[in-house]
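In what follows, every heavy atom counts, from backbone to side chain, and hydrogens, waters and symmetry copies are set aside. Owing to the predicted nature of the structure, the values given are computational and were not obtained by experimental measurement. Each chain gets a letter, A, B and so on, in the order the sequences are listed, and its residues count up from 1.
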Amino acid sequence: MKIATWNINGVKARIDGLTRWLGEAEPDVVCLQEIKSVDEAFPAEAIERLGYNVATHGQKGFNGVALLSKRPLEDITCRLPGDDDDAHSRWIEATVSTDTGAVRVASLYLPNGNPVDTDKFPYKLAWMDRMLAHAQELLATDEPIVLAGDYNVIPEPKDARFPDRWVDDALFQPESRSRHRALVNLGYTDAQRAVSRDEGIYTFWDYQAGAWQKNNGIRIDHLMLSPAAADRLSGVNVEKQTRGWEKPSDHVPVVVTLDV
DNA sequence: ATGCCGTTTCGTAAACGA
């Protein structure tokens, strides 16, 4: 089973690239972030025509997450527990069953947190604490778990082409990185790092200042696997070619292959 | 470097992003 995550930066602006990529890569499950659409305006038909079921958790203007799956999406839940006043649409999870088992998949869009000296940064950290609590609860189930999305965290210096430029950024703060490590310490495996410790693996290149042309990238889109899911991991691929397409997202898809 | 670029919105400038 191929499970992908992709921050598409506006699903309506990206529908041609999205359908092209679905046809070429043929993922079984796709976790989308930053759909920037309300549920009613999500271009579901174009995606359903390619054989996908669609579940969305959108909001007007920004944020918004979605799940696409060739097999039915079961037990769909939206929102991250722990703060009923949090109105941002940043979490959707569902179960996908196969002939040999089932996997619980979440599409998450972790808050950016910039600028660090504003309320946005403590919101990010509190959101990460809620995510850690929920991730721990999920481990009590027998199903393999995949927490996939835009984490807005650069885990290590080697996950940035120019780490020195990120030291004042919320994505690279010690508080952000330590919470990401806490997810690992709970037992979740960074799928990319399970297959390669290489530097130079990036998933985001800014639109500005020729970042793509200069390969000034960062690795912030992650698929975190529970022990049961990590046991089934057989491959990871960064779909870098999409960044060179016309009207690209600034993020590219990351795909894991699980023997499920 | 208050810059760059791109998407969205009861738009035509501002919010948000990373």
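Of the side-chain N and O atoms in Asn112(A), none sit less than 4.0 angstrom from OP1 or OP2 of dG17(B). The phosphate of dA18(B) (OP1 or OP2) has a side-chain N or O of His251(A) nearer than 4.0 angstrom. OP1 or OP2 of dA18(B) has not a single side-chain nitrogen or oxygen of Lys120(A) nearer than 4.0 Å.
A donor and an acceptor atom, one from each side chain of Asn216(A) and Trp205(A), are nowhere located under 3.5 Å apart. Side-chain polar atoms of Lys36(A) and Asn9(A) form a donor-acceptor pair below 3.5 angstrom. A side-chain N or O of Asp39(A) and one of Thr56(A) form a donor-acceptor pair less than 3.5 Å apart.
The two residues Val255(A) and Ala4(A) come nearest to each other via the heavy atoms CG2-CB, 3.9 Å.
When rounded to the nearest whole Å, the span between OH of Tyr123(A) and P of dG17(B) equals 9 Å. Distance, Asp169(A) CG to dG17(B) P: 12 Å, rounded to whole Å. To the nearest angstrom, C1' of dT7(B) lies 16 Å from CD of Glu246(A). Atom P of nucleotide dT8(B) and atom CD of Glu40(A) are separated by 16 Å, given to the nearest angstrom. Atom-to-atom, CD of Gln33(A) to C1' of dT8(B) comes out at 18 Å; the value is rounded to the nearest Å. As rounded to whole Å, 13 Å separates atom C1' of dG17(B) from atom CG of Asp221(A). Protein atom CZ of Phe121(A) is 15 Å distant from nucleotide atom P of dA18(B), rounded to whole Å. Look at CZ on Phe62(A): it is 18 Å from P on dT7(B), rounded to the nearest Å.
The residue Asn152(A) sits close only to the backbone: its heavy atoms come under 4.0 Å of sugar-phosphate atoms, none of a base. Within the 4.0 angstrom heavy-atom criterion, only backbone atoms of the sugar-phosphate kind lie near Asn7(A); the bases stay farther away. Residue contacts for Asp150(A): at a heavy-atom cut-off of 4.0 Å it reaches the sugar-phosphate backbone alone, with no base atom in range. Here Arg219(A) lies out of heavy-atom contact (under 4.0 Å) with every strand. As judged by a 4.0 angstrom heavy-atom cut-off over every strand, Phe172(A) is placed among residues making no nucleic acid contact.
Comparing the C1' positions of dA1(B) and dG11(B) gives an interatomic distance of 28 Å, to the nearest angstrom. Between dT8(B) and dT12(B), the two C1' atoms lie 13 Å apart (nearest whole Å). Distance check on atom P: dA15(B) versus dC10(B) gives 14 Å, rounded to whole Å. As rounded to the nearest Å, dA18(B) and dG3(B) have C1' atoms that lie 16 Å from one another.
Note that CD1 of Ile220(A) is 10.5 Å distant from CG of Asp159(A), once rounded to the nearest 0.5 Å. Atom CG of residue Asn53(A) and atom CD of residue Glu48(A) lie 7.5 Å apart, to the nearest 0.5 angstrom. Between the CD atom of Gln59(A) and the OG atom of Ser37(A) there is a distance of 10.5 Å, given to the nearest 0.5 Å.
Both Asn63(A) and Ser37(A) lie near DNA chain B, and the one whose nearest nucleotide falls closer to the 5' end is Ser37(A). When each of Gln59(A) and Ile220(A) is assigned the nucleotide of DNA chain B bearing its nearest heavy atom, the one mapping closer to the 5' terminus is Gln59(A).
Side-chain contacts under 4.5 Å among hydrophobic residues (ILVMFWY), followed directly or transitively, place Val38(A) with no other residue at all. Met128(A) belongs to a hydrophobic cluster with Leu80(A), Trp91(A), Leu108(A), Leu110(A), Tyr123(A), Trp127(A), Met131(A), Leu132(A), Leu138(A), Leu139(A), Ile145(A), Leu147(A), Tyr151(A), Val153(A), Leu183(A), Val184(A), Leu186(A), Tyr188(A), Met224(A), counting contacts under 4.5 Å between side-chain heavy atoms of Ile, Leu, Val, Met, Phe, Trp and Tyr, direct or through other members.
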Dot-bracket encoding per residue of DNA chain B, Watson-Crick/G-U cut-off under 3.5 Å, | denoting interstrand = ....(((((...))))).
Report each atom pair, protein N/O against N/O of nucleotides 1-6 of chain B, whose distance is under 3.5 angstrom.
| residue | atom | partner | partner atom | Å |
| --- | --- | --- | --- | --- |
| dC4(B) | N1 | Gln208(A) | OE1 | 3.3 |

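Sorted by first and then second residue, the pairs that involve residues 6-28 of chain A and meet ring pair (Phe, Tyr, Trp, His ring centres under 6.0 Å), not counting sequence neighbours, are Trp6(A)-Trp21(A).
Listed candidates were dA18(B), dC10(B), dT7(B). Nearest to the side chain of Glu34(A) is dA18(B).
For Arg104(A), the side-chain hydrogen bond (donor to acceptor under 3.5 Å, both in side chains) test picks out Thr77(A), Glu93(A), Thr95(A), with sequence neighbours left out.
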